Amino acid sequence: MRLYSLLAAAKINLYLEIVGDRPDGFHELIMVMQSISLADRVTVRSIGVDTIRLVCHHPLVPTDHTNLAYRAAALLVQRFPGIMGKWGGVEITLDKQIPVGAGLAGGSSNAAAVLVGLDLLWQLGLTQGELQALGAELGSDVPFCIAGGTLFATGRGEQLDSLPGIEDLWVVLAKYQSAMVSTPWAYGTYRSQFGHGYRRDFAPRRSQVKAGPMVAALTHRDSLTMGQHLYNDLEKVVLPAQPQTAQLKATMAELGASVGALGTLMSGSGPSVFTLVSHQAEADQLVQQLRQALPDPDLDLWTAQCLPHGVQLVEQ
Ligand code: C5P
């Protein structure tokens with residue numbers, strides 16, 4: 001097979017708590033991450049020349065070595081010298097559906113798909129754990145994007161533990177096209193505003209984390225209680241900086257309540273906001289109500305299903 005196509009699922013954060021600064025400059029996090037069916041299609045194809053070529057027609061996505069998908073391929077070439085001599089180079093095509101700069105791990109999911117795809121194309125035979133260790137070198141969310149589903153994430157976000165899934169639930173996602181958040185800005189601003197409360201010693205801080213009720217609700221498959229414990233520390237810096245997104249969240253929460261939604265939260269570093277609902281019909285109803293309440297062509301809306309997996313191979 002000289003070509004593999006993969007679906008690279010977006011993620012939302014059902015829970016994101018910032019514990020403190022790590023010695024490596026990143027933040028120590030406690031998260032619950034969830035894959036959703038909004039996905040990019042990533043294709044890896046063998047080419048005759050020994051090069052990495054990236055094709056993407058999205059105006060905001062670079063196609064050079066600054067793209068995480070390109071860097072995923074470059075990392076494998078570096079770790080497996082001579083691999084392109086054996087199999088040829090690779091053309092990576094990204095068909096973007098996940099909005100860029102949205103807090104949905106679009107770039108990380110693309111890199112995850114390239115690792116999984118090239119493992120197949122170049123017959124490397126890597127385990128999921130080995131792929132995730134390589135992914136962690138590229139970005140904190142890449143290991144999650146490889147495995148996907150519903151996972152408890154600690155450390156930088158790369159230490160993963162399984163949780164019972166919520167694949168029967170749906171989300172309505174919303175984002176103003178013109179709104180974007182830089183993840184380093186969000187974490188840096190959080191540090192400057194709340195860093196005085198950080199703990200250097202994570203052990204006592206960890207014992208004070210507020211994730212317990214969320215994890216218990218997931219374990220008991222109690223989606224009503226789970227919806228009440230959706231939480232994201234980064235809302236504290238992103239929503240005040242983006243009043244339009246703050247208003248969007250308030251409207252989604254209000255209209256969501258009228259359709260029986262479980263809860264509303266900003267995902268990751270934003271600015272995308274999601275409302276969790278139990279059934280597809282509620283998601284469709286909420287989208288309709290949002291379009292009426294906020295008739296702004298700049299507002300993008302999607303419905304998506306919670307998934308039990310991350311990167312998935314598309315049957316050829
Ligand atoms: O790991 P990744 O490259 O996706 O992270 C992007 C940025 O988000 C980092 O440069 C850092 O500013 C911030 N970050 C953090 N702590 C984490 C994850 C990300 O401070 N655990």
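Keep in mind that this is a model prediction, so the values were computed, not measured. First listed ligand is number 1; within each ligand, the first listed atom is number 1.
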Legend entry - Spatial distance of atom CD (Gln78) from atom CG (Leu134) [nearest 0.5 Å]: 10.0 Å
Inset, instruction - Side-chain contact test, heavy atoms from C-beta onward, threshold under 4.5 Å: evaluate it for Val44 versus Leu3 and give yes or no. - result: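 A side-chain contact is absent here, since even the closest heavy-atom pair is not under 4.5 Å.
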Which residue supplies the protein heavy atom nearest to [atom], what is that atom called, and how far is it?
atom: atom 15 (C) of ligand 1; answer: His27 N, 3.5 Å
atom: atom 13 (C) of ligand 1; answer: Tyr187 CD1, 3.3 Å
atom: atom 4 (O) of ligand 1; answer: Ser140 N, 3.9 Å
atom: atom 10 (O) of ligand 1; answer: Pro184 CG, 4.2 Å
atom: atom 8 (O) of ligand 1; answer: Thr183 CG2, 3.2 Å
atom: atom 3 (O) of ligand 1; answer: Gly139 CA, 4.2 Å

Inset, instruction - Look at the rings of Tyr231 and Tyr15 and say which category their plane angle falls in: under 30° parallel, 30 to 60° tilted, over 60° perpendicular. - result: tilted
Inset, instruction - Give the contacting part of Phe26 toward ligand 1: side chain, backbone, both or neither, where contact means a heavy-atom distance below 4.0 Å. - result: both
Inset, instruction - Check ring-ring contact (aromatic ring centres under 6.0 Å, His included) between Tyr70 and all other residues, then give those that pass, not counting sequence neighbours. - result: none
Legend entry - Atoms of ligand 1 close to Leu29 [distance to a heavy atom under 4.0 angstrom, numbered from 1]: 17 (C), 21 (N)
Legend entry - More than 12 heavy atoms from other groups under 6.0 Å of CD on Gln288: no
Legend entry - Tyr190 six-ring centre to Lys236 NZ/CZ under 6.0 Å and within 45° of normal: no
